[in-house]
Protein chains: 2
Amino acid sequence: MTLSRQSESIRILTVDDHQLLREGIAAVLESQSDMVLVAQATNGHEAVEAFRRLRPDVTLMDLRMPDMSGIEAITTIRAEFPEARIVVLTTYAGDAQAAAALKAGASGYLLKNLVRKELLETIRAVHSGKRRVPPEIATEIAEHVADDELTAREIEVLRRVAAGKSNKLIAAELDISEGTVKTHMKSILPKLAAADRTHAVTIALKRGILDL
Amino acid sequence: MTLSRQSESIRILTVDDHQLLREGIAAVLESQSDMVLVAQATNGHEAVEAFRRLRPDVTLMDLRMPDMSGIEAITTIRAEFPEARIVVLTTYAGDAQAAAALKAGASGYLLKNLVRKELLETIRAVHSGKRRVPPEIATEIAEHVADDELTAREIEVLRRVAAGKSNKLIAAELDISEGTVKTHMKSILPKLAAADRTHAVTIALKRGILDL
DNA sequence: CGGGCGCTCTCCCTTTTGGGAGATGTCACG
DNA sequence: CGTGACATCTCCCAAAAGGGAGAGCGCCCG
């Protein structure tokens, strides 16, 4: 019977640093005869390690965690196991985060305010090879696919702008001329459709391009 | 027996728009013989309504919720029932949020990454009339008690600054002179120890003075 | 009722930011 | 090997932000 259960049940790994939420997921999964929670992890490192050991069918992964972020964990896992089915389960952190998770190989992106039914439906859908992204999120991502993304250097500059640094100071820190920092700003503002540097920072925070 | 249980058990209300988290709390509480979950609410309005009806001994309340925020709910409940014991259970949103919740009458402030033990210990402590604020949060609040707080007008100005508006535009919106907006900025920057308007916005976001 | 705080306003001066228009070197990808 | 994307740099100019100092007005609290 153990054998038959194994072959029929969806084996699940949860990754979240909120113990209470993991307990909630565990309680929901317990009520399902075709699902079994095989392990829990509290950060990206543990998630990768647990995945290697157990090869769960579906992984539910938060993005914001200590030590190693969810995105890194997804990337690492998918590099080793391209068939891994990973569903992001997180508080909404902007379209850029969601897009990055999907690019890294996530099969779904759920928000923590979901109801049990959505969770269960998504686990089954993803297990059977489908992708699941709720319409609200898909819409937000779609709104920005046409946009040029910020380059790594631009993000580096914007991060310092958020810290209240002047162009001159940023130039000194990055060892480039102030003029170049200005050039980067002149590239950043239209990309984010921002009126000024302050607006650029709040937009980047909203969209998950920068963290607080 | 029902009578004796009622007189001994701590009657608990949970308020959070995350169903999964509520399930987790429910699972934890179920394992305790001296606690009983009497109701759950998903926003501030429902919380107030449920509190009036059931008069729980301890209420676990999130802050960020649709319709009515946790702070408003706490204020409303404590106005009617000054003896209400309310514990905030939320993702950390800055010292200003925490301080506001405690000012509104919360008896505790827990973070969602807590472990069961802390939750249970806090519920018992608060039920017996104690206050419980974890040291990390107490420290952060303490760091800013000496600071001047922003006035309502200053927050109004800063909110518009965050939206990328120029002093001139803000002046027009608030129907005051640009000079006055500048005067407000000159008051805001030192209060937040910010280098410029952009920094002021990120600090205000971190500290929970502004929302994204 | 007097003082303090918050909100408002003004003047002046310096520094910073943002916009426009080019130009060069490098590296990667097809 | 070319073409494009990226990062770098320069020059110019107008607009905005920031810093300092002073002052009037209303309202609430002691």
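Computed from a prediction, not measured in an experiment: that's the story for all the values here. A note on names: the letters A, B, ... follow the listed sequences, proteins ahead of strands, and every chain is numbered from 1.
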- Message: Mind checking if B/Thr180 touches a base, just sugar-phosphate, or nothing, with heavy atoms under 4.0 Å?
- Response: base

- Query: Under 4.0 Å: is that the gap between some side-chain N or O of B/Arg153 and OP1 or OP2 of C/dT8?
  - Reply: yes

- Message: Does C/dT8 have OP1 or OP2 under 4.0 Å away from a side-chain N or O of B/Ser177?
- Response: no

- Query: Has A/Asn167 got a side-chain N or O lying under 4.0 Å from the OP1 or OP2 atom of C/dT17?
  - Reply: yes

- Walking along DNA chain D from 5' to 3', note the first and the last nucleotide with an atom under 4.0 Å from a heavy atom of chain A, and give both. D/dC6 to D/dT10

- Could B/Arg153 and B/Glu156 be called an ion pair, given the rule that one side-chain N must be under 4.0 Å from one carboxylate O? yes

- Message: Classify the ring geometry of A/Phe81 against A/Phe51: parallel below 30°, tilted from 30° to 60°, perpendicular beyond 60°.
- Response: tilted

- Pairs meeting criterion salt bridge (Lys or Arg N to Asp or Glu O under 4.0 Å) with involvement of residues 103-120 of chain A, two or more places apart: A/Asp16-A/Lys112, A/Asp62-A/Lys112, A/Lys103-A/Glu149, A/Arg116-B/Glu23

- When all nucleic acid strands are considered with a 4.0 Å heavy-atom cut-off, which category describes A/Lys182: base, sugar-phosphate, or nothing? base

- Using a heavy-atom cut-off of under 4.0 Å over every strand shown, decide if A/Thr183 touches base, sugar-phosphate, or nothing. base

- Task: Starting from C1' on C/dT17, measure out to CG on A/Leu158 and report it in whole angstrom.
- Result: 15 Å

- Message: In this structure, how many angstroms lie between the P atom of C/dC7 and the NZ atom of B/Lys186, rounded?
- Response: 16 Å

- Task: For A/Ala194 and for B/Lys191, find the nucleotide of DNA chain C with the closest heavy atom, then tell me which residue's nucleotide is more 5'.
- Result: B/Lys191

